[in-house]
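Everything below concerns the one structure shown next.
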Amino acid sequence: MKKENRIRLLIQAGCGFFEAIGKAALARGKLDDTDTRGRVFFRVGLNYNDQRAYGPRDQGRETDVMRYSIFGKTGYRVSSLGFGAMNLPGVPLEQAREALNYALDQGINYIDTAAGYRNSEEIIGECISHRRSEYFLATKTSKRDYKTAKEEIERSLVRMKTDCIDLLQIHYVNKVEEYQAAMAEEGAYRAALEMKEKGYIRYIGITGHRPDLLARWIKKEQFDQVLFHLNLAQPFALDELIPELTRLNMGKTAMKPLSGGFIQPVAKAIRYPFSQDVHVILSGMVSKAEVEENIAAMREEVGHAERAELERLAADLGGHNCRRCNYCSCPVEIAIPDIMISSQIRKTFGLLPKGDGFYQNNKEKILSCADHEPCKEKPLCEPMCPYHLPMREVVMGAADYYKVSGMA
């Protein structure tokens with residue numbers, strides 16, 4: 001028998017086994033409650049071999065509450081909090097190992113990375129591949145053509161030390177021409193589909209920063225999941241995308257609850273997407289302390305009064321209307337989306353250290369906007385924006401931050 005066929009048979013057998021294990025786990029779990037979005041709350045006391053990708057590892061004691069829901073038509077029971085591994089390459093390997101294993105111990109069973117996140121895939125392979133049956137593994141390819149996408153997927157399998165990727169996402173698709181290239185006859189989607197048919201991928205998703213376009217692109221039902229922004233400063237997926245995902249019974253993964261380190265307080269930031277109709281909130285974490293902080297923020301369900309408060313706050317903080325599509329380009333290299341998205345946050349709550357660091361590191365560029373001669377009459381960035389936003393006005397207004405913070 002060919003090696004490829006042996007791997008396929010093993011994967012197919014494994015899928016059926018995981019499904020049976022999941023049903024048994026749910027039957028034995030002590031069901032506490034189910035909310036209006038179908039999330040199940042239960043404390044799990046299972047043997048190690050029983051939990052697989054459906055619940056936390058039993059450590060001889062009752063674990064903290066972790067919420068789970070069925071991940072759309074995939075049928076997987078995933079944790080409401082997912083581990084975003086993008087920033088792990090920036091910390092010592094042992095710190096990354098501790099964070100990842102602690103997350104699994106606490107019941108987080110959704111791990112997300114990408115081929116383009118430096119050596120993040122290798123870190124996952126090194127640190128938790130021995131616990132592969134305990135988590136739903138998602139990665140991404142940003143390639144648009146068949147050949148390079150297939151090569152990248154094959155490398156991802158090796159790097160993460162796995163025979164099967166649960167979810168392969170076509171990454172960072174923000175423009176129509178990018179989507180068309182990926183979906184063409186010789187595009188990246190064909191590579192993903194072929195790898196799925198061979199048993200190396202279970203499901204195919206798409207990621208992007210244009211919720212309006214994503215809502216259109218998923219109508220042909222070629223994808224199983226979408227990864228999108230959803231936070232207090234970017235609530236735009238609620239308009240069209242999330243309702244369409246729900247209608248199609250697709251996996252809903254919300255990313256950047258802190259908007260890349262700008263939104264505080266952390267608990268309030270996490271609880272906003274937690275109050276919405278999503279399956280997984282993907283939070284970038286690099287330490288045990290950050291895992292604990294994120295879990296604590298999601299321990300209690302969001303009540304009606306709190307949800308109403310969060311909705312009002314999102315309407316205010318999202319008033320900038322920037323989707324971070326990155327269509328804009330600044331001649332003095334200002335990161336315009338970061339300025340736009342943080343414009344209301346910094347006035348209302350101030351910034352987290354990472355956000356404050358962004359302003360400190362970009363002070364010279366931001367202050368130069370007002371004096372850049374080619375943009376004085378007509379800003380070069382604004383015609384590029386599909387939402388026709390007043391970007392130069394907001395960037396120039398950011399100069400006030402230096403006066404308030406004493407950095408002027």
_Could you report the tightest heavy-atom contact between S129 and Y135, atom names first, then the distance?_
CA-OH, 3.7 Å

*Sidechain-backbone polar pair: N231 side chain, Q234 backbone, donor-acceptor under 3.5 Å*: yes

*How about Y327 and R210: does a side-chain donor come under 3.5 Å of a side-chain acceptor?*
yes

*Do we see a donor-acceptor contact under 3.5 Å between the side chains of S156 and E121?*
yes

*asked:* Taking the basic N atoms (NZ, or NE/NH1/NH2) and the acidic carboxylate oxygens, is any pair closer than 4.0 Å for D145 and R190?
replied: no

*Please assess D105 against K288 for the test salt bridge (Lys or Arg N to Asp or Glu O under 4.0 Å), listing each intermediate value before the final yes or no.*
CA-CA 11 Å; D105 292 341; K288 178 181 177 181; over 6 Å; no

_Test your reading of the model: is there a side-chain donor-acceptor pair from S287 to the backbone of E290, 3.5 Å cut-off?_
yes

*Could you go step by step and tell me if M195 and K150 meet the side chain to side chain contact (heavy atoms under 4.5 Å, CB included) rule?*
CA-CA 8 Å; M195 293 295 278; K150 184 178 179 182; 4.3 Å; yes

*Charged N to carboxylate O below 4.0 Å: is that the case for D212 and R323?*
no

*Nearest heavy-atom neighbours spanning S79 and G107*: CB-O, 3.6 Å

_Main chain of G357, side chain of N361: is a donor-acceptor contact present, judged purely on distance under 3.5 Å?_
yes

_Counting only heavy atoms from other residues, nucleotides and ligands, does the tally under 6.0 Å from NZ of K147 exceed 12?_
no

*Might you point out which heavy atoms bring A254 and V278 nearest each other, and give the distance in Å?*
CB-CG1, 4.2 Å

*Quick one: does H320's side chain have a donor or acceptor within less than 3.5 Å of a partner on C322's backbone?*
yes

*If you round to the nearest 0.5 Å, how far is SG of C381 from NE2 of H372?*
10.0 Å

_Residues D338 and R324 bridged, charged N to O under 4.0 Å_ = yes

*Could you tell me which non-hydrogen atom of A191 sits nearest to which non-hydrogen atom of A149, and how far apart they are?*
CB-CB, 4.0 Å

*Could you grab the distance from atom CG of N326 to atom CE of M384, nearest 0.5 Å is fine?*
12.0 Å

_The test is side chain to side chain contact (heavy atoms under 4.5 Å, CB included); show your working for Q276 and R307 and say whether it passes._
CA-CA 9 Å; Q276 302 300 325; R307 182 173 182 177; 3.5 Å; yes

*Inter- and intrachain pairs under salt bridge (Lys or Arg N to Asp or Glu O under 4.0 Å), touching residues 88-100, at least two apart*: E94-R97, R97-E126

*Mark yes or no for whether H279, through its side chain, and Y68, through its backbone, hold a donor-acceptor pair below 3.5 Å.*
no

*asked:* F83 vs Y110, test: ring-ring contact (aromatic ring centres under 6.0 Å, His included). Steps then yes/no.
replied: CA-CA 6 Å; F83 193 110; Y110 189 105; over 10 Å; no

*Rounded to the nearest 0.5 Å, what separation is found between the OH atom of Y76 and the OG atom of S69?*
14.5 Å

_I334 CD1 to C369 SG distance, which is reported to the nearest 0.5 Å_ = 4.5 Å

*Criterion side-chain hydrogen bond (donor to acceptor under 3.5 Å, both in side chains) against Q169, the qualifying member of T139, D112, T141*: D112

*With a distance cut-off below 6.0 Å to the six-membered ring centre and an angular limit of 45° from the axis, does R346 pair with F349 as a cation-pi contact?*
no

*asked:* Taking the six-membered ring for Trp, are F236 and F228 closer than 6.0 Å centroid to centroid?
replied: no

*Steps toward ring-ring contact (aromatic ring centres under 6.0 Å, His included) verdict (F71, Y203)*: CA-CA 11 Å; F71 197 47; Y203 305 103; 8.1 Å; no

_Does either side chain, that of D277 or that of T246, offer a donor lying less than 3.5 Å from an acceptor on the other one?_
yes

*Go through K347 and D316 one step at a time and tell me if the salt bridge (Lys or Arg N to Asp or Glu O under 4.0 Å) criterion holds.*
CA-CA 11 Å; K347 296 174 185 177; D316 179 39; over 6 Å; no

*Are E382 and R392 ion-paired here, with the side-chain N under 4.0 Å from a carboxylate O?*
no

*side chain to side chain contact (heavy atoms under 4.5 Å, CB included) assessment of M160 paired with T113*: CA-CA 10 Å; M160 296 187 292; T113 184; 3.8 Å; yes

_Minimum heavy-atom distance between L310 and K268, given as atom pair plus value_ = CD2-CG, 3.6 Å

_For the residue pair E178 / N174, report whether a side-chain donor-acceptor contact shorter than 3.5 Å exists._
no

_I'd like to know whether CD of E300 has more than 12 heavy-atom contacts from other residues, nucleotides or ligands below 6.0 angstrom._
no

_Charged N-O contact under 4.0 Å between R247 and E244_ = yes

*Side chains of Y189 and R144: donor-acceptor distance under 3.5 Å anywhere?*
no

_Rounded distance (nearest 0.5 Å) linking atom CD of E134 with atom CD1 of I111_ = 10.0 Å

*Closest approach of C127 and L93, non-hydrogen atoms and distance?*
SG-CD1, 3.7 Å

*Ring centres of F358 and F262 under 6.0 Å apart?*
yes

_Using a 6.0 Å cut-off, check whether atom CD of E393 has over 12 heavy atoms from anything other than its own residue._
no

*Under the 3.5 angstrom rule, does the side chain of S343 hit a backbone N or O of M340 as a donor-acceptor pair?*
yes

*Apply side chain to side chain contact (heavy atoms under 4.5 Å, CB included) to the pair L167 and F136, showing each step before the final yes or no.*
CA-CA 8 Å; L167 176 65; F136 185 92; 3.7 Å; yes

*Side chains of E185 and Y146, donor plus acceptor under 3.5 Å*: no

*Yes or no on salt bridge (Lys or Arg N to Asp or Glu O under 4.0 Å) for R159 and E152, after CA distance, side-chain angles and deciding distance?*
CA-CA 10 Å; R159 290 169 175 169; E152 189 161 73; 5.6 Å; no

_Would the distance check show the side chain of D224 and the main-chain N or O of I204 forming a donor-acceptor pair, the cut-off being under 3.5 Å?_
yes

_R67 side chain vs M298 backbone, donor-acceptor pair below 3.5 Å_ = yes

*Look up atom OG in S275 and atom CD1 in I270, then write down how far apart they are to the nearest 0.5 Å.*
11.5 Å

_Heavy-atom side-chain proximity of Y172 to H209 below 4.5 angstrom_ = yes

*State which residue, out of V291, N109, I128, fulfils the side chain to side chain contact (heavy atoms under 4.5 Å, CB included) condition with L104.*
I128

*Using distance alone, with no hydrogens and no angle criterion, decide if N362 and E333 have a side-chain donor and acceptor under 3.5 Å apart.*
no

*T207 and K140: side-chain donor and acceptor closer than 3.5 Å?*
no

*NZ of K376: more than 12 outside heavy atoms within 6.0 angstrom?*
yes

